[in-house]
Amino acid sequence: MTTETTPGTVVDHAQLRIGEKTFDLPLVRGSEGEVAIDIRNLRRDTGLITLDPGYANTGSCRSAITFIDGERGILRYRGYPIEELAKTSSFLEVAWLLINGEQPSQAERESFAEGVAHHTMIHEDFNRFFSALPRDAHPMPALAAAVGALATFYRAPESDEDVDAAVTRLIAKMPTLAAYSYKRSLGQPFMAPRNDLNYSENFLHMMYATPCEEYHVDPVVARVLDLLLILHADHEQNCSTSAVRLVGSSRAHLFASISAGISALWGQLHGGANQKVIEMLEQIASTEGSADLFLERAKDRDDTKRLMGFGHRVYKSYDPRASILKDACVEVIAKRGGSSRLLEIAMRLEEITLSDDYFVSRKLYPNVDFYSGIIYEAIGIPVNMFTVMFALGRLPGWIAQWTEMRRDPDFRIGRPRQIYVGPTERRLADSTG
Ligand code: ACO
C-alpha cells in the first residue's frame, strides 16, 4: 500500500469474495495512518449491507478536527496535543481553534472574545420560558429545551456569515442559559451576565452571585473551570457528536442540532457518568468496606452495576484527560486548603483496579468522568450541574463538527440501514367473528 497520498484518499483496494464473485473495495488512509474500507457502494454492487451495532467499527465521515489514538492514550485537537492546550490556552482560544482549524491571531482572539462578551444576554421573553418549567426541573433537559427554543428567536443560518454569527451567539449564550437553568432549579432570580469578566469568570458570577451579594471569583477556580471546558471541548464521533451530525444532516437549524447533542450527552453511559461517579463514591464513603463489595459487583456479569468513570469505547489505555484532571484535582483541593474523602476513595479504587485482572484484561482505566466530578464538587458546582458543565465544554466541538459536515463534499443525510428480524408478512385476525 502507498502512503504518500493526500489524507483521506484511496490508497489501495481490498477484495471481498462472496460465492464465486470478487468485489474490489477502496481503502482510504487518514493522516495518522489509520485505514478504512470504503463500503459506500457495497449495497449497489453486491446487494449486501454491513451490520455494526453501536457503529463501533464504522467511520461515519472524514474529519480534520480531533485525533484520538485509544491504544496509546493520545488526544489532539487540530494536531495540537491536549496536554499542551491544557497548559497554555484559554477555552475561547481552543473553541476558535476547533471551529476555524488554526490558532487565533491576536486580533482574532480579541474580536472573538469581544463578540462573545457582547452576545451573552438572553431575550427577556426567555424568562417566561423558564418560568413555565417545574421548579425542580433538572438543569440538563432545561438547557436542551432552552437551546432548542433559541431557534425560535433566530432564523436558521444559511450563508457562512450567518453561521459565524450564530456560532458566536450560541457560544455566548450557552453559559447564560446554563446558569439560568440552575437558578431556576433554586428558585433564585437570574443574574445578568457581566461583560468585564472572562468566559469562565462570568459563568461563575451568573451561577453564584445574587441580587443581595456579589460573588468574588477565585482565580484558581476560574482557571480550573477553563481547564475542564478545554478537556471536554471535542472527542470526535462520540454519541452526542454523532447525534449533532445526524440531526444536522437533515439540514436542521444549528441550535436544534446542538439541543439534540445536549440530550444525548445527558445519559449515564455518556456525559451523565460524572454524576454517577460522585453518587458511587459517596455511597462507598458512607459504608465502611463497600469499595471491595462495589468492585465485586462491578465485575459480576450477572449484576448490572458498573464501576462508573471506568472504561471507554475508544481508550484502551489511560484516558489522557483523566490524568490531567487527576493532577488538577490534587492541586485544586490542596490550593483551596482542604482534603477530599472522595478523592482518597477514587485514588484507592484506581490503585486496586490497576492490579486487578478483570480491569487489566479488559483494558478498563479511569475516563474523563472519574475525576471531573470530584473537581466540580471541590469548586462548588452542584451535582445536578455536572452534565451541564460537560455540555458547555463540548459546545465548540459540536459546532466544529456541524460546520465541517455542512461543508463536506461527501455530505449526505444520515440514514443507517438494518437487518429486519421481525415477523414476515401476516394477516390480522378477523375481529368480526
Ligand atoms: N465496570 C465494569 N465492567 C466494565 C465497565 C465498567 N465501568 N466498562 C466495561 N466493562 C466490561 C463489560 O462488562 C465487558 O465485559 P465482558 O467482556 O466480560 O462482557 C467489557 O468490559 C467491555 O465492555 P463494553 O460494554 O463492551 O464496552 P463499550 O465500549 O461498549 O462501553 C462504556 C464503553 C459505555 C464507556 C463502558 O465502559 C461503561 O459503561 N463505563 C461506565 C460508564 C462511564 O464511565 N461512561 C463514561 C464514558 S466517557 C464519556 O462518555 C465522556
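One-based numbering along the sequence shown. Just so you know, ligand 1 is whichever comes first in the structure, and atom 1 is the first atom listed for that ligand. Keep in mind the model is a prediction, meaning the values are calculated, not measured.
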Worksheet item: Hey, is Glu296 close enough to Lys305 for a salt bridge, meaning N to O under 4.0 Å?
Response: no

Worksheet entry | Results of side chain to side chain donor-acceptor pair (under 3.5 Å) for Gln283 - residues two or more places apart only | none

Worksheet entry | Validation row, ring centre Phe126 to ring centre Phe153 under 6.0 Å | yes

Discussion item. Against the six-membered ring of Phe411, is Arg407 placed for a cation-pi contact (under 6.0 Å from the centre, within 45° of the normal)?
Written reply: no

Response to the item:
Sorted by chain and residue number, the residues with a non-hydrogen atom under 4.0 Å of ligand 1 are Leu269, His270, Ala273, Ala298, Arg301, Arg306, Leu307, Met308, Gly309, Phe310, Gly311, His312, Arg313, Tyr358, Arg362, Leu364, Asn367, Val368, Asp369, Phe390

Discussion item. Tell me whether the rings of His138 and Trp266 are parallel (<30°), tilted (30 to 60°) or perpendicular (>60°).
Written reply: tilted

Worksheet item: With a 4.0 Å cut-off, would you call Arg223 and Asp226 a salt bridge?
Response: yes

